[in-house]
Every structure is written in C-alpha cells, then in structure tokens.
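So the structure is just underneath, and the comments pick up after that.
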Protein chains: 2
Amino acid sequence: MGTVSKALSLLTFFNHGRTGIGLSDLTRLSGMNKATVYRLMNELQESGFVEQTGSDRSYRLGPQVLRLAALREAAVPILSVSRQVLRDLSDETGETSHLSLLQGSQLNSLSHAYSPRNATRVMMEDAKVLTFHGTSSGMAVLAYAEPDFAETILSQPLGARTPETITDPQKIRAQLAGIRKSGIAVSVGGFEEDVHSHAVPVFDPDRKVIGALAVAAPASRMTAEQKQLIPAALRRAGATLTHRIGGSAPADYPQDETA
Amino acid sequence: MGTVSKALSLLTFFNHGRTGIGLSDLTRLSGMNKATVYRLMNELQESGFVEQTGSDRSYRLGPQVLRLAALREAAVPILSVSRQVLRDLSDETGETSHLSLLQGSQLNSLSHAYSPRNATRVMMEDAKVLTFHGTSSGMAVLAYAEPDFAETILSQPLGARTPETITDPQKIRAQLAGIRKSGIAVSVGGFEEDVHSHAVPVFDPDRKVIGALAVAAPASRMTAEQKQLIPAALRRAGATLTHRIGGSAPADYPQDETA
DNA sequence: ACCAATGGTTCATTTAATGAACCGACGAGT
DNA sequence: ACTCGTCGGTTCATTAAATGAACCATTGGT
C-alpha cells in the first residue's frame with residue numbers, strides 16, 4: 001500500500017460515532033506506527049482535509065472536503081438531483097426515503113427525505129454505513145453488482161444486527177436471484193427492528209449499479225395498500241433518478257413500465 | 001513536500017470550469033512527472049477520491065468526498081446551520097445571500113440562498129473561488145484574519161476583475177481599517193459588474209475568522225432603504241451564525257446589538 | 001508524588017517514490 | 001496510407017522520502 005493510500009485510509013476511521021479522533025486512538029485503529037500517523041495527519045491537516053481542535057488536539061475532518069463535495073456535485077449532481085426525487089417519493093408514500101451510494105466496497109446512506117404525514121418516522125443519517133445483507137438497499141445493490149463483488153461480500157463473516165437478520169449466504173443468494181427477477185428488494189426488520197423497507201437499484205451510464213433508492217416504514221404501517229403503493233412509487237422513482245443522472249438500467253433489469 | 005501533499009494538491013486543479021482533467025493536462029498543470037501523477041491518481045482512485053470516466057479516461061472527483069463531507073457536517077454542521085440563516089437573510093432582504101469559508105489561503109463560496117421576491121438575482125455557485133480584494137466577503141475575512149495572512153495576500157499580484165476593482169494594497173489596507181471599525185464590508189462592482197454586496201465575518205470558538213456571510217444585490221436595486229436594511233439584517237445574521245456554530249466574535253468586534 | 005496516559009520529536013535504517021525513456025493506440029492532416 | 005503528435009500507461013535504475021524504536025514534555029487521575 002502506497003503512502004497516499006495509507007494517509008487516506010486514516011480518514012476511513014471517522015464516522016458518525018467517531019467524529020473526532022486523537023493521535024493515539026488513530027494509531028491503535030490503523031495499526032501503524034505513531035510517528036507515521038502523526039506525519040500523515042500533519043500532511044492531511046496542511047491540505048485542509050483534517051483539522052485539530054484547539055481543546056484536546058483531536059483530529060476531525062476539515063473544511064476542504066466541503067469544497068471537493070461541492071465540486072463533485074457540480075460534475076455529477078447525484079445528490080442534488082436525488083433530493084427532488086426523494087422529496088416526491090416521501091410525499092407519495094408518506095414514509096422516509098433515502099439514497100445510498102456504493103463507495104468502494106462500502107454502502108453509505110447519503111441523502112434522505114421525510115414525509116410530514118406521520119409523526120412516527122424511520123430516521124436516517126447521512127454517511128451512515130449500511131450492511132449489504134439485512135438491508136433492502138444493500139440487497140438491491142448486491143443483486144446487480146459484479147458477481148465477484150457479491151461473492152466477496154458474502155464470503156465475509158455476516159453479523160446479525162437483529163434477530164431477523166438473514167446471515168446464511170445460501171439463503172441470501174436465493175434472495176438475490178429473486179430480486180433480479182422482480183427488480184426490487186424487500187427487508188423486514190433485518191437492520192433495525194420493526195422497520196419494513198423496499199429498495200431499487202440505481203444505475204450509471206455504463207449500466208453499472210451505483211447505489212439504491214429505498215423507502216423505509218414502520219412495520220406497523222405496512223398495510224396491504226402500502227405494500228402495493230410503495231414498490232410502484234419506488235420503481236418509478238428509481239427509473240427517474242437513473243435517467244436524470246444520465247444512467248441506464250442493464251438489459252436484464254425488469255421493466256414493468258409502459259415507457 | 002511529502003507524497004501525500006503532492007497527491008492532494010492534484011485535487012486542487014479541479015474547479016467549476018474544469019470538472020474533468022486528463023492525465024496529460026494534470027501533468028502539465030501540476031508540473032510533476034507524468035508517471036508520478038499517474039501513480040498518485042491511481043492511489044486516489046483506489047480510495048474513491050477520484051474516478052475515471054469510461055469515455056475518455058479523464059479524472060473527476062469521486063464519490064468518497066461526499067461521504068467525508070457528510071461526516072464533516074455531522075461534526076461541524078456549518079453548512080446545514082447556514083442554510084436556515086441564509087434563507088432567512090434572503091427572505092428579509094429580498095436578495096441573494098451566501099456563505100464563504102476560508103480553506104487554507106483560499107476563500108470558497110459554499111452555500112447560498114435566493115429570494116423569490118425579484119426576478120433578477122445575483123447568481124451564486126457553490127465551491128466558487130472568491131478573491132480577497134474586490135469582494136465584500138474577502139475583505140471582511142481579511143479584516144479579521146491574522147495580520148501576517150492579510151499581508152501575504154496583499155503582497156501577491158492583485159488582478160482586476162472589473163474596472164472598479166481596487167488593486168492598490170495601500171487603499172485596501174485603509175479599507176480594512178474601516179471594516180474593523182464598522183464590522184461590515186461593502187463592495188460595489190469589484191468582482192462582478194453592477195453587483196453591490198455587503199459582508200460580515202463569521203468566527204469560530206477560538207474567535208478566529210473562518211469565513212463571511214454576504215448579501216449581493218444588483219446595484220440598481222440598492223435604494224437608500226436597502227442600504228439601511230441589508231447591513232442591519234446581515235449583522236444580525238452573522239451574529240446568529242457565529243453563535244449557532246459555537247463561535248464567538250473577538251473582543252474588538254463592534255457590537256451594535258443590545259444583546 | 002506517582003503512574004499511565006497523551007501529543008510530539010529524533011535519527012539511523014529501510015522502503016517506496018521518482019523520472020527519463022519507452023510502448024501501443026488513437027486521430028488529424030496531408 | 002502514411003506520417004506526426006498526443007494520448008494513457010509502463011519500465012527500472014536512481015534517489016529521496018517514509019519508517020519505527022526510543023525518547024521527551026505535559027497532562028490528568030489516584
């Protein structure tokens with residue numbers, strides 16, 4: 001691994017539960033030498049990717065990442081485009097909707113919308129890491145990802161977030177085949193208890209899956225009517241988002257729209 | 001300069017006018033060896049910071065920066081906090097408002113709001129680079145930055161974006177003194193012609209200036225009434241934003257509020 | 001007063017970065 | 001069809017930078 005990759009890998013230890021990390025913690029987390037971590041973090045700091053708090057000298061992500069994200073959005077405006085799609089989707093379904101994107105071998109939730117219709121909602125956080133198994137978004141992505149990638153994921157130890165999480169690779173493979181037939185993934189309580197969620201894949205111009213669009217509802221609210229309405233709205237929203245970012249679904253993606 | 005800094009410096013060549021850059025262009029822009037650029041970009045690509053387009057193999061910023069920006073916002077929610085402040089400010093003034101943040105020695109516009117009141121508006125782009133001289137935001141930041149930093153900026157060649165741009169360092173120093181007295185910066189046509197803008201500095205918990213909040217209006221709409229209303233609204237908005245991000249103004253910052 | 005943390009620094013050793021030259025492919029111009 | 005220039009990508013001897021064990025100075029808790 002090159003020096004640059006090592007430095008950037010240090011940034012992967014930041015997450016919602018850990019927005020600030022001290023030098024020693026970072027050394028332990030990364031397994032690198034303390035002097036190495038110190039110098040790498042210094043370089044990252046000089047470039048504005050991280051900054052040190054005045055109080056306890058712990059590191060946190062720096063303002064430079066905001067500039068880069070704004071430029072990424074200028075080049076590939078997937079988040080800004082998704083916001084309108086998500087708003088419409090939440091309005092239509094009355095439930096929380098969110099977009100997750102595949103980044104390397106990690107799936108991150110990066111944009112979401114709520115519906116004002118119901119007081120109880122499934123809450124979302126941006127940049128939250130989703131597991132592939134157990135989430136409808138993860139399964140939707142896995143079903144349309146490179147087979148090698150899917151197998152790599154399934155060959156790793158699969159933890160159970162809830163008692164309902166399906167962790168048997170064979171059962172998951174069977175589910176993935178089902179998703180490829182229907183074009184939509186469903187998960188009931190596999191990631192958070194009592195959350196019923198649907199997801200459809202989103203594709204780029206090379207017809208590769210780049211993420212998933214999902215609707216998450218409290219299981220108690222999943223009436224027969226909603227079980228019809230949500231998948232239909234989601235399919236439409238997925239097709240819209242894929243289209244608006246210049247993407248195309250692969251030839252084998254089931255289209256039940258009269259487009 | 002370390003390898004990591006070199007790699008990250010490659011990312012600085014991306015901007016609104018240049019969202020995709022090929023290997024050879026990047027080599028020329030950076031002045032580095034082509035093989036070096038190639039390997040550095042490969043590492044950045046492996047980490048998801050850049051990606052190559054399938055069509056012409058040019059590089060553009062990758063999805064990983066979105067995750068980092070979301071986490072930065074989770075740690076220091078300045079953009080999300082600013083959005084409400086900007087909306088209120090634009091509603092109140094009827095004009096375009098925007099927030100710019102100091103990143104290293106560069107000032108970037110990173111969040112903005114429009115008012116629906118008027119059909120003609122000053123348009124803004126996120127991640128746009130602002131000059132220090134000639135913009136009200138830049139002058140507001142410079143007035144409260146470290147004196148060394150201000151002098152470094154003023155010692156560089158100062159270009160004139162418009163015939164009205166003031167480029168004489170002595171005149172600028174005099175203006176900065178005036179801004180420190182009043183707490184607000186004004187620019188008329190110094191960056192874009194016929195744009196009249198006001199700006200106030202924004203401070204962090206260490207009482208250091210981190211950026212500026214500004215209102216930009218077509219010069220034709222700057223009535224006597226607006227010349228009263230905008231500075232007043234801006235001062236209030238600046239104090240609110242500084243406060244909401246946990247910051248404090250330095251002791252010598254003029255407070256004309258009965259707080 | 002002590003101990004165990006913390007962030008930060010040093011310097012001989014090792015390892016990785018570097019760059020000139022090279023390759024094959026593509027496209028424009030003749 | 002042939003060059004010419006440029007593109008992205010690759011090679012390998014040379015060089016420069018990254019590394020890590022040990023060390024220092026502070027801090028906070030007992």
Side-chain angles (χ1 to χ4, degrees), chain A residues 1-15 17-64 75-76 104 204-206 208, chain B residues 1-15 17-64 72 75-76 204-206 208:
Chain A
M1 187 162 59
T3 313
V4 175
S5 299
K6 277 184 208 161
L8 296 178
S9 76
L10 290 173
L11 300 178
T12 64
F13 297 108
F14 292 92
N15 58 45
R18 229 194 256 280
T19 54
I21 314 183
L23 176 61
S24 295
D25 279 341
L26 211 41
T27 301
R28 273 186 293 272
L29 285 167
S30 64
M32 301 178 197
N33 183 281
K34 187 173 59 149
T36 301
V37 173
Y38 177 70
R39 271 174 288 103
L40 293 179
M41 290 307 282
N42 252 333
E43 289 207 65
L44 290 173
Q45 185 166 27
E46 277 163 29
S47 304
F49 278 69
V50 300
E51 61 184 15
Q52 262 179 308
T53 58
S55 51
D56 64 349
R57 286 183 166 161
S58 71
Y59 296 96
R60 66 180 174 209
L61 291 168
Q64 193 63 37
V76 186
D204 74 2
D206 300 334
K208 285 195 309 208
Chain B
M1 186 163 61
T3 312
V4 175
S5 299
K6 279 183 207 162
L8 297 179
S9 77
L10 290 173
L11 299 178
T12 64
F13 298 107
F14 292 92
N15 58 46
R18 230 195 254 281
T19 53
I21 314 183
L23 175 61
S24 295
D25 280 341
L26 211 42
T27 302
R28 272 186 293 271
L29 286 167
S30 64
M32 300 179 198
N33 184 280
K34 186 171 59 152
T36 301
V37 174
Y38 178 70
R39 271 174 289 102
L40 293 179
M41 289 307 282
N42 252 333
E43 288 206 66
L44 289 174
Q45 185 166 28
E46 277 164 29
S47 305
F49 278 69
V50 300
E51 60 185 16
Q52 264 180 308
T53 57
S55 50
D56 65 348
R57 285 181 166 164
S58 70
Y59 297 96
R60 66 179 176 209
L61 291 167
Q64 192 63 37
R72 161 73 185 184
V76 186
D204 74 2
D206 300 334
K208 285 196 310 209

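The analysis underlying the following values was restricted to heavy atoms, covering all of them including side chains, and did not include hydrogens, waters or symmetry mates. All values derive from a computational prediction rather than experimental measurement. Naming convention: chains lettered A, B, ... in sequence-line order (proteins, then strands); numbering from 1 in each chain.
Between A:F49 and B:V4, the closest side-chain pair of non-hydrogen atoms is not below 4.5 Å.
Annotation: the terminal axes of the helix from C:dA1-D:dT30 to C:dT30-D:dA1 meet at 50°, where each axis is the rotation carrying the C1' atoms of four end pairs onto the next four (5 pairs per end, rounded to 10°).
In this structure, A:S47 contributes its side chain and A:L44 its backbone to no donor-acceptor pair below 3.5 Å.
For B:R60, the side-chain contact (heavy atoms from CB on, under 4.5 Å) criterion is met by A:R72, A:V76, B:E51, B:T53, not counting sequence neighbours. Applying the side-chain contact (heavy atoms from CB on, under 4.5 Å) rule to B:R18 yields the partners B:N15, B:I21, B:L29; only residues at least two apart in sequence or on another chain are considered. Remark: B:D25 engages B:R28 in a salt bridge (charged side-chain N to carboxylate O under 4.0 Å, His left out) (not counting sequence neighbours).
A nucleotide of DNA chain C counts as in contact with chain A when one of its atoms lies under 4.0 Å from a heavy atom; the first and last such, 5' to 3', are C:dT6 to C:dA17.
Distance check: B:Y59 OH to B:L26 CG gives 8.0 Å after rounding to the nearest 0.5 Å. The distance from the CG atom of B:L61 to the OG1 atom of B:T19 is 8.5 Å, given to the nearest 0.5 Å.
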Which donor-acceptor pairs under 3.5 Å do the side chains of residues 32-43 of chain A make with protein atoms, sequence neighbours left out?
{"from": "A:N33", "atom 1": "OD1", "to": "A:A35", "atom 2": "N", "distance (Å)": "2.7"}
{"from": "A:E43", "atom 1": "OE1", "to": "B:S5", "atom 2": "N", "distance (Å)": "2.9"}
{"from": "A:E43", "atom 1": "OE1", "to": "B:S5", "atom 2": "OG", "distance (Å)": "2.5"}

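Residues from residues 26-41 of chain A lying near DNA chain D, meaning a heavy-atom separation below 4.0 Å, are A:N33, A:A35, A:T36, A:R39 in numerical order.
Each of B:T3 and A:L23 has a nearest nucleotide on DNA chain C; the 5'-most of these lies closest to A:L23.
Atom CD of A:E43 and atom C1' of D:dA18 are 10 Å apart (whole Å).
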